[in-house]
Peer 1: 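First, the structure itself, so that you have it in front of you.
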Amino acid sequence: MSRAYNFSAGPATLPESVLRHAQGEMLEWHGSGASIVELSHRGPEFMEVARQAEADLRMLMAIPDSHAVLFLQGGATLQQALIALNFAAPGQAVDFVISGHWGKTAIRQATPYVDARIAASSEAGGFRDVPARAGWTLSADAAYVHYTANETIHGVEFRDIPDVGDVPLVSDFSSSIASEPLDVSRFGVIYGGAQKNLGPVGVSVVIVRRDLLERAGQPRADIMNYASHVRGDSMLNTPPTWNWYLAGLVFQWMLAEGGVDEFARRNARKSALLYDLIDGSGGFYRNEVAVGARSRMNVPFFLHDDALNAAFLAEAREAGLIGLKGHKVLGGMRASIYNAMPVAGVEALAAFMRDFQQRNG
Ligand SMILES: *Cc1c(COP(=O)(O)O)cnc(C)c1O
(Lines give C-alpha, C1' and ligand atoms only; values in the text may rest on other atoms or scores of the structure.)
Protein backbone atom coordinates (compact mmCIF):
# COMPACT_ATOMS: atom_id res chain seq x y z
CA MET A 1 0.00 0.00 0.00
CA SER A 2 1.25 3.50 -0.75
CA ARG A 3 -0.86 6.32 0.55
CA ALA A 4 -0.06 9.58 -1.22
CA TYR A 5 -0.07 13.03 0.35
CA ASN A 6 -3.56 14.18 -0.62
CA PHE A 7 -4.08 17.93 -1.11
CA SER A 8 -7.74 17.60 -2.12
CA ALA A 9 -9.98 20.48 -0.99
CA GLY A 10 -12.80 18.26 0.26
CA PRO A 11 -13.52 15.50 0.89
CA ALA A 12 -9.99 15.80 2.17
CA THR A 13 -7.23 13.77 3.76
CA LEU A 14 -7.86 12.23 7.18
CA PRO A 15 -5.25 11.29 9.77
CA GLU A 16 -3.93 7.84 8.94
CA SER A 17 -4.12 6.85 12.60
CA VAL A 18 -7.86 7.67 12.61
CA LEU A 19 -8.45 5.53 9.54
CA ARG A 20 -6.50 2.65 11.11
CA HIS A 21 -8.44 3.02 14.37
CA ALA A 22 -11.74 2.90 12.47
CA GLN A 23 -10.47 -0.06 10.44
CA GLY A 24 -9.70 -1.90 13.64
CA GLU A 25 -13.23 -1.31 14.97
CA MET A 26 -14.98 -1.78 11.65
CA LEU A 27 -16.32 -5.26 12.30
CA GLU A 28 -17.07 -4.91 15.98
CA TRP A 29 -17.23 -1.88 18.20
CA HIS A 30 -15.99 -2.40 21.80
CA GLY A 31 -17.33 -5.92 22.29
CA SER A 32 -20.85 -4.95 21.21
CA GLY A 33 -21.14 -7.80 18.70
CA ALA A 34 -21.60 -5.42 15.76
CA SER A 35 -20.04 -2.51 13.93
CA ILE A 36 -20.98 0.92 15.30
CA VAL A 37 -22.55 1.55 11.89
CA GLU A 38 -24.90 -1.40 12.39
CA LEU A 39 -26.20 -0.37 15.81
CA SER A 40 -29.26 1.70 16.66
CA HIS A 41 -28.54 5.38 17.05
CA ARG A 42 -30.73 5.23 20.17
CA GLY A 43 -28.83 2.38 21.77
CA PRO A 44 -26.32 2.92 24.58
CA GLU A 45 -23.30 2.31 22.30
CA PHE A 46 -23.98 5.06 19.79
CA MET A 47 -25.38 7.41 22.44
CA GLU A 48 -21.98 7.17 24.11
CA VAL A 49 -20.16 7.86 20.83
CA ALA A 50 -22.36 10.92 20.23
CA ARG A 51 -21.96 12.24 23.76
CA GLN A 52 -18.21 11.83 23.67
CA ALA A 53 -17.92 13.53 20.27
CA GLU A 54 -19.78 16.60 21.51
CA ALA A 55 -17.76 16.73 24.73
CA ASP A 56 -14.50 16.43 22.79
CA LEU A 57 -15.45 19.12 20.26
CA ARG A 58 -16.47 21.42 23.12
CA MET A 59 -13.10 20.89 24.76
CA LEU A 60 -11.17 21.22 21.50
CA MET A 61 -12.84 24.50 20.49
CA ALA A 62 -13.54 25.80 24.02
CA ILE A 63 -17.24 26.10 23.15
CA PRO A 64 -19.07 27.85 26.02
CA ASP A 65 -22.36 26.58 27.51
CA SER A 66 -24.10 29.57 25.93
CA HIS A 67 -23.79 27.72 22.61
CA ALA A 68 -25.45 24.47 21.50
CA VAL A 69 -23.65 21.99 19.23
CA LEU A 70 -25.50 20.15 16.48
CA PHE A 71 -24.39 17.30 14.22
CA LEU A 72 -26.62 17.46 11.13
CA GLN A 73 -26.88 16.28 7.55
CA GLY A 74 -27.19 18.32 4.37
CA GLY A 75 -23.73 19.90 4.33
CA ALA A 76 -22.82 23.52 4.78
CA THR A 77 -25.08 24.47 1.87
CA LEU A 78 -28.25 23.27 3.61
CA GLN A 79 -27.27 25.20 6.74
CA GLN A 80 -27.06 28.37 4.64
CA ALA A 81 -30.79 28.01 3.89
CA LEU A 82 -31.72 26.82 7.39
CA ILE A 83 -29.94 29.72 9.07
CA ALA A 84 -32.13 32.13 7.08
CA LEU A 85 -35.30 30.14 7.92
CA ASN A 86 -34.48 29.95 11.62
CA PHE A 87 -33.06 33.34 12.44
CA ALA A 88 -34.69 35.89 10.10
CA ALA A 89 -38.35 36.87 9.79
CA PRO A 90 -39.84 36.55 6.28
CA GLY A 91 -38.32 39.28 4.14
CA GLN A 92 -36.13 40.64 6.95
CA ALA A 93 -32.79 42.15 5.97
CA VAL A 94 -29.67 40.00 6.22
CA ASP A 95 -26.22 41.41 5.49
CA PHE A 96 -23.74 39.32 3.52
CA VAL A 97 -20.03 39.99 3.17
CA ILE A 98 -18.72 38.28 0.06
CA SER A 99 -15.05 37.34 -0.20
CA GLY A 100 -15.29 34.43 -2.65
CA HIS A 101 -17.34 31.66 -4.20
CA TRP A 102 -18.92 30.32 -0.99
CA GLY A 103 -20.16 33.71 0.12
CA LYS A 104 -22.07 33.85 -3.14
CA THR A 105 -23.52 30.41 -2.43
CA ALA A 106 -24.62 31.59 1.00
CA ILE A 107 -26.49 34.54 -0.41
CA ARG A 108 -28.13 32.36 -3.08
CA GLN A 109 -29.44 29.88 -0.49
CA ALA A 110 -30.91 32.64 1.70
CA THR A 111 -32.42 34.79 -1.04
CA PRO A 112 -35.82 33.02 -1.28
CA TYR A 113 -36.49 33.78 2.40
CA VAL A 114 -34.90 37.09 3.32
CA ASP A 115 -33.97 40.50 1.97
CA ALA A 116 -30.39 39.46 1.22
CA ARG A 117 -28.11 42.49 1.00
CA ILE A 118 -24.48 42.64 -0.01
CA ALA A 119 -22.83 44.66 2.75
CA ALA A 120 -19.44 44.38 1.07
CA SER A 121 -17.80 42.34 -1.67
CA SER A 122 -14.30 41.90 -3.03
CA GLU A 123 -15.57 40.42 -6.30
CA ALA A 124 -14.59 43.46 -8.40
CA GLY A 125 -10.97 42.74 -7.47
CA GLY A 126 -11.32 39.05 -8.35
CA PHE A 127 -11.65 37.97 -4.70
CA ARG A 128 -7.96 38.57 -4.02
CA ASP A 129 -8.62 40.16 -0.62
CA VAL A 130 -11.25 40.36 2.12
CA PRO A 131 -13.44 43.47 2.11
CA ALA A 132 -12.01 45.81 4.78
CA ARG A 133 -14.40 46.17 7.73
CA ALA A 134 -14.36 49.98 7.43
CA GLY A 135 -16.04 49.71 4.02
CA TRP A 136 -18.99 47.51 5.03
CA THR A 137 -22.50 48.95 4.70
CA LEU A 138 -24.53 47.27 7.44
CA SER A 139 -28.32 47.50 7.69
CA ALA A 140 -29.76 48.81 10.94
CA ASP A 141 -32.48 46.13 10.91
CA ALA A 142 -30.44 43.09 9.82
CA ALA A 143 -31.31 39.73 11.42
CA TYR A 144 -27.63 38.75 11.21
CA VAL A 145 -24.40 39.39 9.36
CA HIS A 146 -22.93 36.48 7.39
CA TYR A 147 -19.35 36.08 6.21
CA THR A 148 -17.11 33.21 5.13
CA ALA A 149 -14.14 32.82 7.46
CA ASN A 150 -12.06 31.01 4.84
CA GLU A 151 -12.85 30.92 1.13
CA THR A 152 -11.79 27.43 0.07
CA ILE A 153 -11.57 28.12 -3.67
CA HIS A 154 -10.12 31.63 -3.71
CA GLY A 155 -7.75 31.00 -0.79
CA VAL A 156 -8.83 34.12 1.07
CA GLU A 157 -9.16 34.13 4.86
CA PHE A 158 -10.29 36.64 7.48
CA ARG A 159 -7.47 36.80 10.01
CA ASP A 160 -9.62 38.64 12.60
CA ILE A 161 -13.20 38.33 13.76
CA PRO A 162 -15.03 41.37 12.38
CA ASP A 163 -16.85 43.54 14.90
CA VAL A 164 -20.55 43.98 14.00
CA GLY A 165 -21.80 45.25 17.35
CA ASP A 166 -24.89 43.52 18.74
CA VAL A 167 -26.06 41.96 15.48
CA PRO A 168 -25.44 38.19 15.54
CA LEU A 169 -22.39 37.24 13.53
CA VAL A 170 -22.85 34.10 11.43
CA SER A 171 -19.84 32.49 9.82
CA ASP A 172 -19.16 29.66 7.43
CA PHE A 173 -16.12 27.92 8.91
CA SER A 174 -16.30 24.84 6.68
CA SER A 175 -12.66 24.96 5.66
CA SER A 176 -10.98 26.48 8.72
CA ILE A 177 -12.90 25.24 11.76
CA ALA A 178 -10.66 24.17 14.66
CA SER A 179 -7.53 25.25 12.77
CA GLU A 180 -6.51 27.71 15.50
CA PRO A 181 -7.92 29.09 18.77
CA LEU A 182 -11.18 31.01 18.25
CA ASP A 183 -13.37 33.04 20.61
CA VAL A 184 -16.63 31.19 19.95
CA SER A 185 -18.56 33.56 22.21
CA ARG A 186 -18.21 36.28 19.56
CA PHE A 187 -20.46 34.35 17.17
CA GLY A 188 -24.19 33.79 16.81
CA VAL A 189 -23.60 30.79 14.55
CA ILE A 190 -20.50 28.92 13.39
CA TYR A 191 -21.18 26.19 10.85
CA GLY A 192 -19.35 23.90 8.48
CA GLY A 193 -19.39 20.62 6.65
CA ALA A 194 -16.97 18.21 8.33
CA GLN A 195 -15.22 17.09 5.16
CA LYS A 196 -12.39 19.62 5.21
CA ASN A 197 -11.01 20.03 8.71
CA LEU A 198 -13.10 17.76 10.94
CA GLY A 199 -13.74 14.41 9.34
CA PRO A 200 -15.74 12.74 6.59
CA VAL A 201 -18.43 14.22 4.37
CA GLY A 202 -22.01 13.52 5.45
CA VAL A 203 -22.10 15.36 8.75
CA SER A 204 -22.11 19.08 9.45
CA VAL A 205 -21.36 20.87 12.67
CA VAL A 206 -23.52 23.82 13.71
CA ILE A 207 -22.58 25.80 16.82
CA VAL A 208 -25.42 28.14 17.72
CA ARG A 209 -25.93 30.65 20.51
CA ARG A 210 -28.89 29.34 22.48
CA ASP A 211 -30.79 32.63 22.76
CA LEU A 212 -31.08 32.76 18.97
CA LEU A 213 -33.09 29.53 19.07
CA GLU A 214 -35.98 31.51 20.54
CA ARG A 215 -36.37 33.60 17.41
CA ALA A 216 -39.60 32.92 15.50
CA GLY A 217 -37.89 32.78 12.12
CA GLN A 218 -40.13 31.54 9.31
CA PRO A 219 -42.76 28.82 8.95
CA ARG A 220 -40.80 25.59 8.62
CA ALA A 221 -41.04 21.89 9.25
CA ASP A 222 -39.63 20.44 12.45
CA ILE A 223 -36.75 18.84 10.54
CA MET A 224 -35.63 22.32 9.46
CA ASN A 225 -35.90 23.77 12.95
CA TYR A 226 -32.63 24.11 14.87
CA ALA A 227 -34.46 24.39 18.21
CA SER A 228 -36.09 21.00 17.54
CA HIS A 229 -32.70 19.52 16.66
CA VAL A 230 -31.25 20.82 19.92
CA ARG A 231 -34.16 19.37 21.89
CA GLY A 232 -33.75 16.07 20.05
CA ASP A 233 -29.95 15.86 20.50
CA SER A 234 -29.46 15.98 16.70
CA MET A 235 -31.50 12.76 16.41
CA LEU A 236 -34.88 13.90 15.10
CA ASN A 237 -34.38 11.23 12.48
CA THR A 238 -31.63 8.68 11.91
CA PRO A 239 -28.35 10.61 12.07
CA PRO A 240 -25.29 9.74 9.94
CA THR A 241 -23.82 7.54 12.64
CA TRP A 242 -20.66 6.43 10.82
CA ASN A 243 -19.71 9.98 9.85
CA TRP A 244 -20.42 11.26 13.35
CA TYR A 245 -18.30 8.46 14.86
CA LEU A 246 -15.41 9.18 12.46
CA ALA A 247 -15.55 12.91 13.21
CA GLY A 248 -15.40 12.00 16.90
CA LEU A 249 -12.21 10.04 16.27
CA VAL A 250 -10.71 13.10 14.55
CA PHE A 251 -11.58 15.26 17.60
CA GLN A 252 -9.81 12.75 19.87
CA TRP A 253 -6.79 12.71 17.57
CA MET A 254 -6.62 16.51 17.59
CA LEU A 255 -6.80 16.65 21.37
CA ALA A 256 -4.07 14.01 21.69
CA GLU A 257 -1.84 15.95 19.27
CA GLY A 258 -2.05 19.07 21.42
CA GLY A 259 -5.34 20.73 20.46
CA VAL A 260 -5.93 23.87 18.43
CA ASP A 261 -2.83 25.64 19.78
CA GLU A 262 -0.63 22.96 18.26
CA PHE A 263 -2.60 22.94 14.99
CA ALA A 264 -2.35 26.73 14.78
CA ARG A 265 1.45 26.36 14.94
CA ARG A 266 1.54 23.59 12.35
CA ASN A 267 -0.86 25.39 10.02
CA ALA A 268 1.14 28.62 10.20
CA ARG A 269 4.33 26.70 9.46
CA LYS A 270 2.82 24.72 6.56
CA SER A 271 1.29 27.73 4.84
CA ALA A 272 4.43 29.88 5.32
CA LEU A 273 6.50 27.11 3.70
CA LEU A 274 4.38 27.27 0.55
CA TYR A 275 3.90 31.04 0.34
CA ASP A 276 7.62 31.65 0.88
CA LEU A 277 8.47 29.18 -1.86
CA ILE A 278 5.94 30.73 -4.26
CA ASP A 279 7.01 34.32 -3.52
CA GLY A 280 10.67 33.36 -3.82
CA SER A 281 10.28 31.56 -7.15
CA GLY A 282 11.03 34.62 -9.26
CA GLY A 283 7.61 34.45 -10.90
CA PHE A 284 7.71 30.76 -11.82
CA TYR A 285 4.88 30.23 -9.30
CA ARG A 286 2.35 32.91 -8.41
CA ASN A 287 -0.26 33.45 -5.69
CA GLU A 288 -2.40 36.53 -6.28
CA VAL A 289 -4.03 36.97 -2.86
CA ALA A 290 -3.18 40.03 -0.75
CA VAL A 291 -0.56 38.92 1.79
CA GLY A 292 -2.70 39.79 4.84
CA ALA A 293 -5.67 37.75 3.58
CA ARG A 294 -3.85 34.63 2.41
CA SER A 295 -5.51 31.43 3.61
CA ARG A 296 -3.60 29.09 5.89
CA MET A 297 -5.79 26.23 4.65
CA ASN A 298 -6.03 26.53 0.87
CA VAL A 299 -3.12 27.79 -1.20
CA PRO A 300 -4.12 28.45 -4.82
CA PHE A 301 -1.20 29.05 -7.14
CA PHE A 302 -0.45 29.35 -10.83
CA LEU A 303 2.51 28.29 -12.91
CA HIS A 304 3.98 31.07 -15.05
CA ASP A 305 3.04 29.04 -18.14
CA ASP A 306 -0.27 27.12 -18.21
CA ALA A 307 1.26 24.75 -20.76
CA LEU A 308 3.21 23.22 -17.85
CA ASN A 309 0.08 22.40 -15.81
CA ALA A 310 -0.45 18.88 -17.14
CA ALA A 311 3.19 17.90 -16.59
CA PHE A 312 3.14 19.42 -13.10
CA LEU A 313 0.11 17.37 -12.08
CA ALA A 314 1.36 14.14 -13.66
CA GLU A 315 4.83 14.40 -12.11
CA ALA A 316 3.36 15.39 -8.74
CA ARG A 317 1.28 12.22 -8.81
CA GLU A 318 4.42 10.22 -9.62
CA ALA A 319 6.02 11.84 -6.56
CA GLY A 320 3.10 10.74 -4.36
CA LEU A 321 1.35 14.12 -4.27
CA ILE A 322 -2.31 14.12 -5.37
CA GLY A 323 -5.33 16.42 -5.41
CA LEU A 324 -3.43 19.51 -6.59
CA LYS A 325 -5.55 20.53 -9.58
CA GLY A 326 -7.14 23.93 -8.97
CA HIS A 327 -10.90 24.50 -8.87
CA LYS A 328 -12.35 25.15 -12.32
CA VAL A 329 -13.47 28.65 -11.22
CA LEU A 330 -9.79 29.70 -10.94
CA GLY A 331 -7.75 27.11 -12.84
CA GLY A 332 -4.11 26.59 -11.93
CA MET A 333 -3.27 24.60 -8.79
CA ARG A 334 -4.45 24.47 -5.23
CA ALA A 335 -2.85 22.83 -2.22
CA SER A 336 -5.34 22.28 0.58
CA ILE A 337 -3.37 21.82 3.78
CA TYR A 338 -5.91 21.22 6.50
CA ASN A 339 -5.23 20.01 10.04
CA ALA A 340 -4.77 16.40 8.90
CA MET A 341 -2.05 17.30 6.35
CA PRO A 342 1.26 16.65 8.10
CA VAL A 343 4.13 19.13 7.88
CA ALA A 344 6.07 16.37 6.10
CA GLY A 345 3.46 16.38 3.31
CA VAL A 346 3.93 20.09 2.72
CA GLU A 347 7.72 19.69 2.85
CA ALA A 348 7.43 16.98 0.19
CA LEU A 349 5.30 19.27 -1.97
CA ALA A 350 7.75 22.16 -1.54
CA ALA A 351 10.67 19.92 -2.50
CA PHE A 352 8.78 18.73 -5.59
CA MET A 353 7.91 22.30 -6.60
CA ARG A 354 11.54 23.41 -6.30
CA ASP A 355 12.69 20.46 -8.34
CA PHE A 356 9.98 21.01 -10.98
CA GLN A 357 11.02 24.65 -11.32
CA GLN A 358 14.68 23.69 -11.70
CA ARG A 359 13.84 21.31 -14.50
CA ASN A 360 11.40 23.66 -16.26
CA GLY A 361 12.47 27.18 -15.28
C1 LIG B 1 -17.05 23.03 0.87
C2 LIG B 1 -17.63 24.31 1.34
C3 LIG B 1 -19.02 24.55 1.33
C4 LIG B 1 -20.00 23.54 0.79
O5 LIG B 1 -20.09 22.47 1.66
P6 LIG B 1 -21.14 21.29 1.41
O7 LIG B 1 -20.94 20.47 2.64
O8 LIG B 1 -20.73 20.61 0.15
O9 LIG B 1 -22.49 21.89 1.32
C10 LIG B 1 -19.48 25.74 1.84
N11 LIG B 1 -18.64 26.67 2.32
C12 LIG B 1 -17.30 26.49 2.34
C13 LIG B 1 -16.42 27.56 2.89
C14 LIG B 1 -16.77 25.30 1.85
O15 LIG B 1 -15.44 25.12 1.87
Side-chain angles (χ1 to χ4, degrees), residues 6-14 70-85 94 96-111 116 121-123 127 129-131 144-159 161-162 169-180 182 187 189-208 224 226 229 234 239-240 242-244 246-247 250 267 271 289 293-300 323 325-330 334-341:
N6 175 9
F7 296 88
S8 169
T13 194
L14 288 169
L70 294 168
F71 293 86
L72 302 176
Q73 305 186 51
T77 311
L78 179 64
Q79 312 315 318
Q80 293 173 339
L82 294 187
I83 287 164
L85 283 171
V94 174
F96 288 86
V97 176
I98 314 291
S99 53
H101 173 91
W102 293 110
K104 293 177 75 171
T105 305
I107 206 167
R108 207 162 54 245
Q109 298 308 322
T111 292
S121 172
S122 52
E123 183 161 24
F127 293 131
D129 205 345
V130 297
Y144 56 89
V145 179
H146 181 286
Y147 79 104
T148 311
N150 180 66
E151 282 284 354
T152 319
I153 294 172
H154 290 88
V156 172
E157 183 175 21
F158 278 86
R159 299 301 304 128
I161 304 172
L169 188 59
V170 174
S171 187
D172 181 351
F173 264 89
S174 291
S175 49
S176 57
I177 191 164
S179 64
E180 64 182 341
L182 182 74
F187 293 88
V189 182
I190 290 171
Y191 69 94
Q195 69 269 26
K196 279 97 183 203
N197 253 325
L198 290 186
V201 67
V203 65
S204 307
V205 168
V206 181
I207 301 166
V208 51
M224 298 179 178
Y226 283 135
H229 282 293
S234 304
W242 176 253
N243 317 57
W244 194 337
L246 219 52
V250 174
N267 291 331
S271 53
V289 177
R294 282 175 165 180
S295 168
R296 297 160 306 123
M297 301 280 106
N298 310 96
V299 181
K325 191 174 188 324
H327 190 280
K328 60 182 185 300
V329 166
L330 277 188
R334 172 175 48 172
S336 295
I337 49 176
Y338 302 120
N339 290 333
M341 171 58 65

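First listed ligand is number 1; within each ligand, the first listed atom is number 1.
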Peer 1: Val203 and Trp244: which non-hydrogen atoms are nearest, and at how many Å?
Peer 2: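 Smallest interatomic distance, heavy atoms only, reads CG1-N, 4.4 Å.
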Peer 1: Considering only protein heavy atoms, which is closest to atom 5 (O) of ligand 1, and at what distance to one decimal place?
Peer 2: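 Protein heavy atom with the smallest distance to atom 5 (O) of ligand 1: Ala76 CB, 3.5 Å.
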Peer 1: May I ask you to list the atoms of ligand 1 that are less than 4.0 angstrom from any heavy atom of Gln195?
Peer 2: 5 (O), 6 (P), 7 (O), 8 (O)
Peer 1: Does any N or O in the side chain of Ser122 come within less than 3.5 Å of the main-chain N or O of Phe127, such that one atom is a donor and the other an acceptor?
Peer 2: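 Pair absent, no side-chain N/O of Ser122 close to backbone of Phe127.
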Peer 1: Using a 4.0 Å cut-off to any heavy atom of Thr152, which atoms of ligand 1 qualify?
Peer 2: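 Near Thr152, the atoms of ligand 1 are 12 (C), 13 (C), 14 (C), 15 (O).
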Peer 1: Going by the closest heavy atom to atom 12 (C) of ligand 1, which one wins out of Asp172, Thr77, Asn150?
Peer 2: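 It is Asp172 whose heavy atom sits nearest to atom 12 (C) of ligand 1.
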Peer 1: Side-chain donor-acceptor pair under 3.5 Å between Ser295 and Asn150, yes or no?
Peer 2: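 Yes, Asn150 and Ser295 have a side-chain donor paired with an acceptor closer than 3.5 Å.
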Peer 1: Could you tell me if Tyr338 and Gln195 have a donor-acceptor pair between their side chains, going purely by distance under 3.5 Å?
Peer 2: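 No, no side-chain donor-acceptor contact under 3.5 Å.
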Peer 1: Considering only protein heavy atoms, which is closest to atom 1 (C) of ligand 1, and at what distance to one decimal place?
Peer 2: Lys196 NZ, 1.4 Å
Peer 1: Closer than 3.5 angstrom, by distance alone: can the side chain of Asn339 be matched with the main-chain N or O of Ala178 as a donor-acceptor pair?
Peer 2: yes
Peer 1: For ligand 1, which atoms have a heavy atom of Gly75 less than 4.0 angstrom away?
Peer 2: 7 (O), 9 (O)
